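Down below is the structure, laid out as structure tokens.
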Amino acid sequence: MSTKERTLTEPFKIKMVEPLKATSEAYRLGALRQAGYNPFLLRSDDVFIDLLTDSGTGAMSDKQWAGIMSGDESYAGARSWEHLERVVKDLTGMPYILPTHQGRAAERILYSILGGKDKVFISNTHFDTTRANIEFTGATAIDIIYAEAQDPEVDLPFKGDMDLEKLPLLIKQYGKENIAAVIITVTNNSAGGQPVSMANVKELRKICDENNLLLVIDGCRIAENAYFIKHREAGFENYTYEEIAKEMLRLGDAFIMSAKKDGLVNIGGLLTMKDEVLSVKCKNLLIISEGFTTYGGLAGRDMEALAIGLKEVFDADYLHYRIRSTAYLGEHLKAKGIPVVWPIGGHAVYVDAKKLYSNIPVDQYPGQALVCDLYIKGGIRCVEVGSVMFGKYDEAGKLIPAPNELVRLAIPRRVYTQSHIDFVLDVFDDILEMRNQTKGYKITYEPQFLRHFTAHFEKI
Ligand code: F0G
């Protein structure tokens, strides 16, 4: 393959197509108004390029589709389960493997057992469903990344790392008996999709051992993280991506995976662990709420496709294309003068909306304004990762804003080609032209948890 990389050559050819519908700007304005200015509430048929999430939106390979046909649908002890269990045991090195229908089901099971009032969870950054599942049990979730990594512009190789200077202070402050678990999210989705270094997880392991704490790896993008380690962390140049992932997973006590990301499937999740006593408790909850221990809410065909996906995702050509194509969007946006979180992460490009829309105050949600403008101008759907997602209110009802106002352009795996991404780049030219006239939003409806999914907005 060319090393010049002017053109991204997708390492696959297309065997099946799904038509995209172009719509007019007037049509999209109407659709967005009807959706309460919340793109989560749009019909996907009204979306041209869907960058809402990289979760469950990828394209499966011919081999995975063949696996769908040969999946074993037996209720118990299915062949497809045995295949999946074998692959996951090999990947994680953990003996207890529980399938779930998606990541948050694994989170609910594990964190409802570990959590409860007065318990504390510490993470580099809790993803929103992680935080919600923890807070739902009455426990507290605390995020600690290094202060300099919170600067969207500073160029550091592992901005997803946990702040290991703060961790011992928190352990002391809350008492180690009250720390339910330490969770390292790789890559760190809510903080720009930034990678976590092996050194950070190794050191974390040490601190957990010293304090007898459970270390959970939330590794739904573990393969993408391995790419960054191989290319940025000394000592891993000659490792395969799979070897790097295996080494990292062996540092954890438990592993949670939304397989909808690096499992390369449209549905699925995993919860694995080393401790037998904990696994029995989890299996009990799994059976009550998800399904029997050999399918956990998945069809046999889903498990077959996942077993294949978990091997394919470590393919060197695939991972190179994956990380480079995300970087292609980010680097070209930066070259246009669009402020983006730097360096570009693995699964998404994060635009700094506070900076781009500096005329919109934070309590008028500049990120939501950009999300709406991208849909109106180009039919592009993406998500705000700022004060809509993470904002809280003080006692007087005043917004406590999130540290950053970002907009995430998440790239589905193996779905869009370079020309789709070039179209997205063109739409940003319109955004740059209109940036000073655009207005903010206010919230007119919001639920108690995960408000960004269903909130309604009004233009100010
Ligand atoms: N952990 C992380 C780091 C995630 O990114 C997600 C999902 C989950 C857990 C929950 O998994 O969706 O299968 O229940 N992230 C998606 C996203 C939704 O768009 O980033 P799930």
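Source: prediction; values computed, not measured. Remember, it's 1-based here, ligands and their atoms both numbered in the order they're listed. Just the heavy atoms: all of them, side chains too, but no hydrogens, waters or symmetry mates, feed the values below.
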Determine whether Ser112 and Leu285 satisfy the following criterion, side-chain contact (heavy atoms from CB on, under 4.5 Å), listing intermediate values before the conclusion. CA-CA 9 Å; Ser112 62; Leu285 256 188; 3.4 Å; yes
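- Judged by distance alone, the side chains of Asp373 and Tyr357 do bring a donor and an acceptor atom under 3.5 Å apart.
- Judged as a salt bridge (Lys or Arg N to Asp or Glu O under 4.0 Å), and not counting sequence neighbours, Glu82 has no contacts.
- Here Phe12 and Tyr318 keep their ring centres 6.0 angstrom or further from each other.
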Pairs under 3.5 Å, nitrogen or oxygen of ligand 1 with protein nitrogen or oxygen:
from: ligand 1; atom 1: 1 (N); to: Asp218; atom 2: OD1; distance (Å): 3.4
from: ligand 1; atom 1: 1 (N); to: Asp218; atom 2: OD2; distance (Å): 2.7
from: ligand 1; atom 1: 5 (O); to: Asn189; atom 2: ND2; distance (Å): 2.8
from: ligand 1; atom 1: 5 (O); to: Arg221; atom 2: NH1; distance (Å): 3.0
from: ligand 1; atom 1: 11 (O); to: Ser258; atom 2: OG; distance (Å): 3.4
from: ligand 1; atom 1: 12 (O); to: Gln102; atom 2: NE2; distance (Å): 3.4
from: ligand 1; atom 1: 12 (O); to: Arg104; atom 2: NH2; distance (Å): 2.8
from: ligand 1; atom 1: 13 (O); to: Gly103; atom 2: N; distance (Å): 2.9
from: ligand 1; atom 1: 13 (O); to: Ser258; atom 2: OG; distance (Å): 2.6
from: ligand 1; atom 1: 14 (O); to: Gln102; atom 2: NE2; distance (Å): 2.8
from: ligand 1; atom 1: 14 (O); to: Gly103; atom 2: N; distance (Å): 3.4
from: ligand 1; atom 1: 14 (O); to: Arg104; atom 2: N; distance (Å): 2.8
from: ligand 1; atom 1: 14 (O); to: Arg104; atom 2: NE; distance (Å): 2.7
from: ligand 1; atom 1: 15 (N); to: Lys261; atom 2: NZ; distance (Å): 2.8
from: ligand 1; atom 1: 19 (O); to: Thr53; atom 2: OG1; distance (Å): 2.7
from: ligand 1; atom 1: 19 (O); to: Arg408; atom 2: NH2; distance (Å): 2.7
from: ligand 1; atom 1: 20 (O); to: Asn189; atom 2: ND2; distance (Å): 2.8
from: ligand 1; atom 1: 20 (O); to: Arg221; atom 2: NH2; distance (Å): 3.3
from: ligand 1; atom 1: 20 (O); to: Arg408; atom 2: NH1; distance (Å): 2.7
from: ligand 1; atom 1: 20 (O); to: Arg408; atom 2: NH2; distance (Å): 3.4

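- When the salt bridge (Lys or Arg N to Asp or Glu O under 4.0 Å) test is applied to Asp155, no partner is found at least two apart in sequence or on another chain.
- Among residues two or more places apart in sequence or in another chain, the salt bridge (Lys or Arg N to Asp or Glu O under 4.0 Å) test is passed with Lys202 by Glu247.
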